[in-house]
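If you read the sequence from its start, that first residue is 1, and numbering goes on from there.
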Amino acid sequence: AAAFKIADNSTGNVTITLADGTTNTLISGYACAGLQKNGGTSTGTLTIQGETAGTGALNVTGGNSGAGIGGGKDNSCSNITISSSTVTATGGYDSAGIGTGCDVSYYGISASNIEISGGVVIATGNHYGAGIGGGGSGNGTSITISGGTVTATGGAGIGGSAGSFMFPGGSSSDIVISGGSLKTTSIGCIPTDGTDPVYLLELTVDGTSAVTINGNANYPKKHFDENKLYVYLPAKTAAAPNEVTIGETTKYTYDTTNSKWLTVVEAPEEAETTSFTYDGTEKTYALAESDYYTISGNKQTNAGTYTVTVALNDKENTVWSDGTTDDKTYTFTIAKATLDTPINDIVMDFYLDATGEKTATASGLPVGMGTETHTIDITDDNGIIAANSVVYGQGRVRFTLNGFDTEKSGISATIKVTLSSQNYNDFSFNVIVKLVAKNVQTITADDVILTYGDKNGKITATTDGDGAISYSTTSDVI
C-alpha cells in the first residue's frame, strides 16, 4: 500500500507543508510510490514546501517498482513542485527517486512537469531508474531546476531511465536548468535555461558568501558539505560572458568546440601616465595586476620608447574579453632630459712655442648619460692644432699644438664638442685654444760696492713681471 496517496489523475492541487524542525518519513509497499501521485494527464499539482525557516524534512521511499515521489508500478506522474525544506526521495527497484515507477508492462510511461525551485533535494533512482524522471523504461520530460541544492543519481541522473538488456532506455526532453546547484549522474538530453543550451560549470566556493550568477541570486552558498557548486550556464561570449559573483566577480564563456569553460579576463586599461622625463630613477607604466596574466617591460629607467607586454598565464583555459588569447601590448615613453646648466667653455692659453699633446677636461657633465655619440667641429684658420689630432672621450679633449713664431701672438682656435646621448638632449661645449707671446720682463738690481776684505755681499733685484728671478755666475771669487 502507499504510505501517502493522491487520487489517480487528480485535478485537485495538494500542498504539503513541512513544519520547521520536523522530520517526516513515508515508506510504501510493493508497486506503490512513497508519496504517490499517479497520472500523466493529471492537472492537479503536488507542492512540497516548508515553513518560514525551511528546516522541515521529508524522507520518502518507494516500494518495489514504485518511485520515491510520483508514480507507482507502470504509472506516469506529472505536476510535482518542491520549493523549500529538505526532501529525500528514494525509488524502489528499477524506479525513479522522483518520477515514474518501473514500466514493467512497457506502457511508455513518462514523468513530466517536475520543478524544483528551492530547498535541498536528494533524489536517488534504483537500479536503472533515474534520480529525477523515468523509472525502468520510463521517459522524462519537462523537468525544471530553478533553485535549491539538488542531487540526482541512479541508473540515470535526470530524464529517461537507463537502458538494459531487459529494458529499453527512456527518452529525455525539455530539461531546463536555470538556477540552483545540481549534481547528477547524467542528463538525458542537452539541457537549456529555457532558451539556450546550458553546460555544467563547477565552482569552488567558500561556503559562506552569497552567490549571484548573471543577476540571479537563486543559488545556494555550497552544495551540501562540499565547498563547490554545480551550476549550468549558457555558453555566452567572451564579449558578453556569464558573470559569477562570489565576493568578487569572475566571468566565463563556454568553448563549444573543445567542450570546456574558459575564464574571461579583462585586459588592463591603459595607464594614466604614459610619458615621463628621464631623471635617473626607474619609471613604471602602471597597469592593474592580476593572477591571470603577467606584465613585462613596464619598468624602465633610460630614455626611450618602450613596449609593455601583458600575457595570459594560462592560454588553454583563459581568454581576453575580445575572444583572443594573443598578448596585449602598450607603449610608453621616457623623454630625454635637458641640462639645467650649460657646460662652461674651456679656455686654454699657450705660449707660441708650445707644442705636443694637450688635454682639456670638461666639468659638470651629467651622470647617467647612457649610450652616447659625439661630433667635433674645429674652427682653426691659422693651423694652431695639428691635423687629425683631436680626440674626445669621457669628458676629455686631447689635441696636439703645432707651435708658432712671435708674429702669431693672439691667434686662437675653437674645438666644439657636441654630445648626443640616450638620456639627455644634445648639448655642446667649446675648448678655446689661444696662443700668447711671452711677456718681456725688466729686472732692476741695486749696485753693490764691496771693500777689499769684506766677506759678504748682497745684490737686490726686482722684476716688473711675474717670472721667477734666478742668477748665475762664472766665478764666485773676486
Side-chain angles (χ1 to χ4, degrees), residues 117 142-148 150 157-159 172-184 186-206 209-223 228-271 287-296 307-331:
S117 60
S142 298
I143 299 170
T144 299
I145 310 295
S146 59
V150 181
I158 295 181
S172 305
S173 62
D174 193 20
I175 296 174
V176 175
I177 307 172
S178 59
S181 177
L182 170 62
K183 188 175 183 179
T184 184
S186 61
I187 299 176
C189 62
I190 297 175
T192 72
D193 59 3
T195 303
D196 299 313
V198 291
Y199 307 90
L200 172 62
L201 172 62
E202 292 189 22
L203 297 172
T204 298
V205 296
D206 59 20
S209 299
V211 178
T212 301
I213 300 178
N214 296 330
N216 179 8
N218 199 14
Y219 292 89
K221 294 180 180 179
K222 63 179 181 178
H223 196 94
K228 280 184 173 294
L229 285 180
Y230 302 87
V231 301
Y232 287 77
L233 303 176
K236 293 206 170 187
T237 64
N242 295 287
E243 296 190 4
V244 178
T245 302
I246 310 172
E248 60 183 29
T249 298
T250 305
K251 300 178 180 181
Y252 298 93
T253 184
Y254 191 73
D255 179 354
T256 55
T257 300
N258 296 300
S259 300
K260 64 179 181 179
W261 283 100
L262 302 175
T263 300
V264 178
V265 180
E266 294 289 343
E269 295 288 338
E270 184 176 292
L287 294 174
E289 296 184 350
S290 169
D291 292 336
Y292 290 111
Y293 52 74
T294 298
I295 303 169
S296 59
T307 298
V308 180
T309 301
V310 180
L312 290 168
N313 294 329
D314 182 2
K315 293 185 177 181
E316 292 296 319
N317 297 299
T318 57
V319 63
W320 297 118
S321 59
D322 62 5
T324 70
T325 58
D326 297 337
D327 294 350
K328 300 297 183 184
T329 57
Y330 304 78
T331 301

Where Thr249 and Glu243 come nearest, the two heavy atoms and their spacing: CG2-CB, 4.0 Å
Close side-chain approach of Tyr219 to Ile246, heavy-atom, < 4.5 Å: no
Criterion side chain to side chain contact (heavy atoms under 4.5 Å, CB included) on Ser259 and Tyr254, from CA distance to verdict: CA-CA 7 Å; Ser259 300; Tyr254 191 73; 3.5 Å; yes
Reported OG1-to-CD1 distance for the pair Thr184 and Ile158, which is rounded to 0.5 angstrom: 4.5 Å
Val231 backbone acceptor or donor facing Ser181 side chain under 3.5 Å: no
Distance (rounded to the nearest 0.5 Å) between Asn218 CG and Ile145 CD1: 11.5 Å
Tyr330 OH to Thr307 OG1 distance, which is reported to the nearest 0.5 Å: 12.5 Å
Please tabulate, for side-chain N and O atoms in residues 187-202, each donor-acceptor pair with protein atoms closer than 3.5 Å (sequence neighbours left out).
residue	atom	partner	partner atom	Å
Thr192	OG1	Gly194	N	3.0
Asp193	OD1	Thr195	N	2.9
Asp193	OD1	Asp196	N	2.8

Between OH on residue Tyr292 and CH2 on residue Trp320, distance to nearest 0.5 Å: 12.0 Å
Distance in Å, Ile177 CD1 paired with Leu182 CG, rounded so as to fall on 0.5 Å steps: 5.0 Å
Closest non-hydrogen atom pair between Leu229 and His223, with its separation: CD2-N, 3.9 Å
Least distance between heavy atoms, Asp327 atom then Lys315 atom: OD1-NZ, 2.9 Å
Under the side-chain hydrogen bond (donor to acceptor under 3.5 Å, both in side chains) test, residues paired with Ser142 that sit two or more places apart: Asp174
Passing candidate, side chain to side chain contact (heavy atoms under 4.5 Å, CB included) with Tyr252, options Leu262, Leu203, Ile213, Val264: Leu203
Check against side chain to side chain contact (heavy atoms under 4.5 Å, CB included), Val308 and Ile295: CA-CA 7 Å; Val308 180; Ile295 303 169; 3.8 Å; yes
Closest contact, heavy atoms only, Pro241 versus Asn214: O-OD1, 4.2 Å
Lys260 backbone acceptor or donor facing Asn258 side chain under 3.5 Å: no
Nearest atoms (heavy-atom pairs only) where Ser321 meets Glu266: OG-OE1, 3.2 Å
Heavy-atom side-chain proximity of Lys328 to Thr309 below 4.5 angstrom: no
Check: Asn313 side chain, Asp291 main-chain N or O, donor-acceptor pair, under 3.5 Å: yes
Flag, side chain of Thr325 to backbone of Val319, donor-acceptor distance under 3.5 Å: no
Backbone of Gly147 reached by a side-chain donor or acceptor of Ser117 within 3.5 Å: no
Heavy-atom pair of closest approach, residues Asn242 and Ala235: ND2-O, 3.8 Å
